[in-house]
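First up is the structure itself, then whatever we jot down about it.
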Amino acid sequence: MTMHAVTFELIKKDHKTKARRGRVHTPHGSIDTPVFMPVGTAATVKAMRPEEIKDMGAHIILSNTYHLYLRPGHELIKAAGGLHKFMNWDRAILTDSGGFQVFSLGDMRKITEEGVEFRSHIDGSKHMLTPEKAVTIQNALGSDIMMAFDECAPYPADHNYVKNSLERTSRWLKRCKSAHNNTESQSLFGIMQGGMYRDLRCQSAQEIVNLDLPGYAIGGLSVGEPKELMYEVLDYATDYLPENKPRYLMGVGSPDCLFEGVERGIDMFDCVLPTRIARNGTAMTSRGKIAIKNAIHEKDFDTLDPECDCYTCQNYSKAYLRHLYKSNEILSSMLLTNHNLHFLIKLMEKIRYAIETDHFSAFKKEFMEKYYGNLEEVKCL
RNA sequence: GUGGAUAUAGUCAAGUGGUUAAGACACAGGGUUGUGGCUCCUGCAUGCGUGGGUUCAAAUCCCAUUAUCCACC
């Protein structure tokens, strides 16, 4: 039995669904699950100070291997005393491996058995990322949870391509595990691939679970496929993962997807959605999304969400927020980001409470009706 | 009063005889799911100060007129 820096405690299971209430323990504190993790790609959750994210109840945030490797460089962050110290965040950090960037940065890259050769999006310089390198970088960063270096297959992709890709990802995972030697302070999570194919999801799961890692992620979803298809994959994907380890659905963060994921046994989520749409003028509220730039809010002196107790909703009107957005003021991003993150983090708190008190399904129904107007339309999204 | 210049969308403007009048900003709507994002997409003048005329064809040429600006009396 390997000793892991990160451990999972399963506290309660929902009776009607696969939803679970748990707790992830890390060297930088514990995280109640299901949890939504704000994304701070470049060692900062855009427009937020660490204190703000803490105050709204976040206990873990994400950062990114690829981006920090290119700028400012992992050696510099190591010299600064590690990522926690560098960015003034003393709670848990999960770092993505750069596998997703290989997928999203598209063109200028070449995937081989050894790893991925790519060009920097910053200056065009040539680099090679391998499983070993991704681990080395994440070791230097000192994140609590390191993600395996994987290939996120695109959608659509044929069975043969996805099979080859997942098998290579499994081989890469073994290399990641071998390269990772400070298991007492950092934990490595594996990533399941397999696209939209059930047999491949099963195969991928078996291969990664064999390595007895402290946690497993489901990757390769939310890459452009219809939501219904993602739910279909999730229906069985979580069953292939061990019950006593945290399950992390990568890149998912719209409220409906969070509910659907939790319902299918997901414990951890991350997504740029709340922070990105905040910067682009959209707020998530208990009554659905609000595009603050719309003319209808010009003289609306009410707050974004009457049910919200975030800093923004305590102090500012929609008319003011609209003005800030239209004027391109920095405070617009700050206030809307604060609100959206607060909204999702509180939503997850409510979901955890609902699981604890055995009314998850009822809470889901209540929330969805209010957020999306009526449930019939949600299926069409 | 005389001479000159300019009048094209809410604003700044391209176009100087030939198919549905660039572009930018503003305005209006939409998108965004392991962040290459204070971003991307879409819409927005049947109309070129006004009235005539020339021409197969005029924002473009001609005449008149109005407004604004600049010089000089």
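Below, chain A is the first sequence line, B the second, and so on; all start at residue 1.
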Which value, in whole Å, describes the distance between the C1' atoms of nucleotides B/C44 and B/A21? 14 Å

Set out, in order, the CA-CA distance, both residues' side-chain angles and the distance that settles side-chain contact (heavy atoms from CB on, under 4.5 Å) for A/M56 and A/M48, then state yes or no. CA-CA 11 Å; A/M56 59 181 80; A/M48 291 290 98; 4.2 Å; yes

Between A/H84 and A/D90, is there a side-chain donor-acceptor contact under 3.5 Å, judged purely by atom types and distance? no

Counting the atoms with a prime plus P, OP1 and OP2 as sugar-phosphate, which does A/R109 contact under 4.0 Å by heavy atoms, base, sugar-phosphate, or nothing? nothing

Expressed as a whole number of Å, how far does the C1' atom of B/G37 sit from that of B/U32? 9 Å

Of the candidates B/A28, B/G29, B/G36, the side chain of A/K293 sits closest to B/G29

Atom C1', compared across B/U6 and B/A14: separation rounded to whole Å: 16 Å

Establish, with yes or no, whether the OP1 or OP2 oxygen of B/C27 is under 4.0 angstrom from a side-chain nitrogen or oxygen of A/R322. no

Taking the same atom, P, in B/A28 and in B/U68, what whole-Å distance lies between them? 32 Å

Look at all strands and tell whether A/G219 reaches a base, only sugar-phosphate, or nothing, counting heavy atoms closer than 4.0 Å. nothing

Considering every strand and a 4.0 Å limit on heavy-atom distances, what is the contact class for A/Q101: base, sugar-phosphate, or nothing? sugar-phosphate

Exactly one of A/D267, A/D239, A/D235 should register a salt bridge (charged side-chain N to carboxylate O under 4.0 Å, His left out) with A/K18. Which one does? A/D239

A/C152 has its side chain closest, among B/U35, B/G34, B/G30, to B/G34

Counting side-chain heavy atoms from CB outward, which of B/G30, B/G36, B/G34 is closest to A/M250? B/G34

Please determine whether the number of non-hydrogen atoms from other residues, nucleotides or ligands lying under 6.0 Å from atom NZ of A/K16 exceeds 12. no

Choosing from B/G29, B/U32, B/U35, which nucleotide comes nearest the side chain of A/N280? B/U32

Give a yes or no on this: more than 12 heavy atoms of other residues, nucleotides or ligands lie within 6.0 Å of atom CG of A/L76. yes

What is the distance from atom OG1 of A/T130 to atom CZ of A/F149, rounded to the nearest 0.5 Å? 7.5 Å

Determine if the base of B/G47 is syn or anti; take syn to mean the glycosidic torsion is within 90° of 0. syn

Which class fits the ring pair A/F343 and A/H339: parallel under 30°, tilted 30 to 60°, perpendicular over 60°? parallel

I want to verify a distance call: between B/G34, B/U32, B/C38, whose nearest atom is closest to the A/I277 side chain? B/U32

Determine the contact category for A/Q193: base if any of its heavy atoms lies under 4.0 Å from a base atom, sugar-phosphate if only primed atoms, P, OP1 or OP2 are that close, otherwise nothing. base

I want to verify a distance call: between B/G34, B/U32, B/C27, whose nearest atom is closest to the A/L273 side chain? B/U32

Could you check which of B/G29, B/G30, B/G34 has an atom nearest any side-chain atom of A/A295? B/G29

More than 12 heavy atoms of other groups within 6.0 Å of A/I330 CD1: no

In which stems does RNA chain B show up, taking only runs of three or more Watson-Crick or G-U wobble pairs whose two distances fall under 3.5 Å? B:1-7 with B:66-72, B:10-12 with B:23-25, B:27-31 with B:39-43, B:49-53 with B:61-65

What nucleotide among B/G36, B/U32, B/G29 has an atom nearest to a side-chain atom of A/H121? B/G36

Name the nucleic acid region contacted by A/S333, choosing base, sugar-phosphate or nothing; use a 4.0 angstrom heavy-atom cut-off, strictly under. nothing

Determine the contact category for A/I191: base if any of its heavy atoms lies under 4.0 Å from a base atom, sugar-phosphate if only primed atoms, P, OP1 or OP2 are that close, otherwise nothing. base

Counting only side-chain heavy atoms from C-beta out, which of B/U32, B/U39, B/U35 sits nearest to A/Y325? B/U39

Quick one: which of B/G34, B/G36, B/G29 gets closest to the side chain of A/N294? B/G29

Give a yes/no answer on whether the side chain of A/T282 brings an N or O atom under 4.0 Å of OP1 or OP2 in B/U32. no

